[in-house]
Amino acid sequence: MKTIYEPKETKWDIVSLKTANVKFYSLIIILFFIGLSPVASQDLPNEMWHPGMIVLDSEDTLRGEIQYDFESNLLQYSQDKRIRTFTSQNVLYFSFHCQFFKRFRYVYSLPYQLKGRMNVPIFFEILAEGRITLMSREYVVTESNNRFGNPMYSSRAFSSREILTYDYYLLTENGDINRFSEKKKDLYPYFGRLEEKMKDYVKENRLHTDKQADLIKIIDHFNQISK
């Protein structure tokens with residue numbers, strides 16, 4: 001699990017605060033007690049509508065606005081003010097231009113054993129593709145925003161915040177899908193005879209396996225040199 005986004009906090013004018021001789025944290029506490037919050041709200045990707053394309057298991061193709069939910073494995077499709085809902089079992093794959101990250105994203109429905117149940121198709125986003133395919137599943141964690149660690153502030157003075165988080169999976173050539181722990185020692189065995197070369201590449205480039213951008217670079221590099 002890796003946090004990749006938190007809603008930005010409001011930027012206060014520190015110079016003005018010093019001029020008024022008011023301490024920063026004192027002002028925040030006052031604002032909270034009168035019911036204001038310094039956390040700026042912003043829709044997360046799964047709360048937004050994105051222009052995209054859906055290919056159903058019937059091989060029908062739909063184009064319009066889509067909204068996804070990895071946790072429930074549901075996909076909503078909107079066209080001409082009509083909304084339809086599909087489960088991951090009805091969908092082969094979908095792609096969209098993410099209005100949050102401003103880039104294209106590609107999601108496939110693949111069979112996987114989730115939470116002790118039998119294998120059922122669920123959504124995986126494709127991050128890097130080749131001999132090893134790096135995939136992810138996105139979800140949102142809600143945390144209390146009590147900075148002072150004092151329970152007297154938890155209910156009135158502080159709001160909660162939503163954090164966008166990913167779980168990562170590795171799809172191998174034989175079709176196995178394995179959850180990745182984000183630890184280097186658990187990644188290197190996937191590289192086989194190229195393990196030592198990949199260790200050198202990660203070390204020389206100071207890459208971290210618990211950072212999404214670095215992890216994509218590592219898998220892309222392996223897929224390139226293993227051709």
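Because only heavy atoms are used, hydrogens play no part in the values below, and waters and symmetry mates are left out as well, while side chains stay in. On a predicted model such as this, the values are computed, not experimentally measured, just so you know.
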Asker: As an exercise, state the distance from CG of Leu164 to CD of Glu138, rounded to the nearest 0.5 Å.
Answerer: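 Taking CG in Leu164 and CD in Glu138, the distance rounds to 4.5 Å.
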Asker: Begin from the C-alpha positions of Val91 and Leu56 and carry the test side chain to side chain contact (heavy atoms under 4.5 Å, CB included) through to its verdict.
Answerer: CA-CA 4 Å; Val91 175; Leu56 302 176; 4.2 Å; yes
Asker: If two hydrophobic side chains count as joined below 4.5 Å and joins carry through other members, does Leu75 share a cluster with Leu92?
Answerer: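 No, because Leu75 and Leu92 fall into different hydrophobic clusters, even though each may have its own neighbours under 4.5 Å.
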Asker: Just do the side chain to side chain contact (heavy atoms under 4.5 Å, CB included) check on Leu62 and Phe86 with the steps written out, would you?
Answerer: CA-CA 12 Å; Leu62 305 175; Phe86 301 99; 3.6 Å; yes
Asker: Are Tyr106 and Ile132 linked, directly or through intermediate hydrophobic residues, by side-chain heavy-atom contacts shorter than 4.5 Å (ILVMFWY only)?
Answerer: no
Asker: Within the 3.5 Å criterion, strictly below it, is a donor on Asn174 or Asp176 matched to an acceptor on the partner's side chain?
Answerer: yes
Asker: Any chance NZ of Lys217 has more than 12 other-residue heavy atoms, nucleotides or ligands included, within less than 6.0 Å?
Answerer: no
Asker: What's the separation between atom CE in Met53 and atom CD1 in Ile66, rounded to the nearest 0.5 Å?
Answerer: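 Reported to 0.5 Å precision, the distance equals 9.5 Å.
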Asker: So which heavy atom on Glu125 is nearest to which on Arg103, and how close?
Answerer: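 Closest heavy-atom pair between Glu125 and Arg103: OE2-NH1, 3.7 Å.
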Asker: Are any non-hydrogen side-chain atoms of Ile225 and Met198 less than 4.5 angstrom apart?
Answerer: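 Answer yes - side chains close enough.
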Asker: Is a side-chain donor or acceptor of Ser88 paired with a backbone partner of Phe123 at a separation under 3.5 angstrom?
Answerer: no
Asker: Side chain to side chain contact (heavy atoms under 4.5 Å, CB included) between Asn73 and Arg137: does it pass, once the steps are laid out?
Answerer: CA-CA 10 Å; Asn73 291 292; Arg137 281 176 54 80; 3.1 Å; yes
Asker: Applying the ring-ring contact (aromatic ring centres under 6.0 Å, His included) test to Phe124, which of Tyr108, Phe70, Tyr169 qualifies?
Answerer: Tyr169
Asker: Nearest 0.5 Å, please: how far is CD1 in Ile83 from CD in Glu65?
Answerer: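 Between atom CD of Glu65 and atom CD1 of Ile83 there are 10.5 Å.
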Asker: As an exercise, state the distance from CD1 of Ile218 to CG of Asn205, rounded to the nearest 0.5 Å.
Answerer: 9.0 Å
Asker: Can you see which heavy atom on Asp57 is nearest to which on Gln89, and at what distance?
Answerer: OD2-O, 3.3 Å
Asker: Are Met48 and Cys98 side-chain neighbours, meaning at least one heavy-atom pair lies under 4.5 Å?
Answerer: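 Not touching, per the 4.5 Å side-chain cut-off.
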Asker: What's the separation between atom NZ in Lys211 and atom CD in Glu182, rounded to the nearest 0.5 Å?
Answerer: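 It comes to 12.0 Å.
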Asker: Is there a path of hydrophobic side-chain contacts, each under 4.5 Å between heavy atoms of I, L, V, M, F, W or Y residues, that connects Ile122 with Phe94?
Answerer: no
Asker: Taking all atoms of both residues into account, what is the closest heavy-atom pair of Thr61 and Arg63, and its distance?
Answerer: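 Heavy atoms only, the tightest pair is CG2-NH1, 3.5 Å.
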Asker: Looking only at heavy atoms, what is the nearest atom pair of Arg131 and Asn223, with distance?
Answerer: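 Closest approach of Arg131 to Asn223, heavy atoms only: N-OD1, 3.1 Å.
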Asker: Does Ile216 share a hydrophobic cluster with Val107, counting links as ILVMFWY side-chain heavy atoms below 4.5 Å and allowing steps through other members?
Answerer: no
Asker: To the nearest 0.5 angstrom, please state how far the CD1 atom of Ile219 sits from the CG atom of Leu170.
Answerer: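 Spacing of CD1 (Ile219) from CG (Leu170) equals 5.5 Å.
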Asker: So if I apply the ring-ring contact (aromatic ring centres under 6.0 Å, His included) rule between Phe96 and each of Tyr68, Trp49, Phe104, which one comes out positive?
Answerer: Tyr68
Asker: For the ring-ring contact (aromatic ring centres under 6.0 Å, His included) test, which of Tyr190, Tyr188, Phe191 pairs with Phe222?
Answerer: Phe191
Asker: Backbone N or O of Asn178 within a donor-acceptor pair of the Tyr112 side chain at under 3.5 Å?
Answerer: no
Asker: Between Tyr166 and Phe180, is there a shared hydrophobic cluster once you connect ILVMFWY residues whose side-chain heavy atoms come closer than 4.5 Å?
Answerer: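 Hydrophobic grouping puts Tyr166 with Phe180.
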Asker: Has the side chain of His50 got a donor or acceptor atom that lies under 3.5 Å from a matching backbone atom of Pro45?
Answerer: yes
Asker: Other residues, nucleotides and ligands only: do more than 12 of their heavy atoms fall within 6.0 Å of NZ on Lys197?
Answerer: no
Asker: List the atom of Met135, the atom of Ile177, and the distance in Å for their closest heavy-atom pair.
Answerer: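 In this case the closest contact between Met135 and Ile177 is CE-CG2, 3.8 Å.
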Asker: Less than 4.5 Å apart, any side-chain heavy atom of Leu74 and any of Thr87?
Answerer: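 SC-SC contact between Leu74 and Thr87 confirmed.
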Asker: Determine the minimum heavy-atom distance between Leu215 and Leu187, stating which atoms define it.
Answerer: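 Smallest interatomic distance, heavy atoms only, reads CD1-CD2, 4.1 Å.
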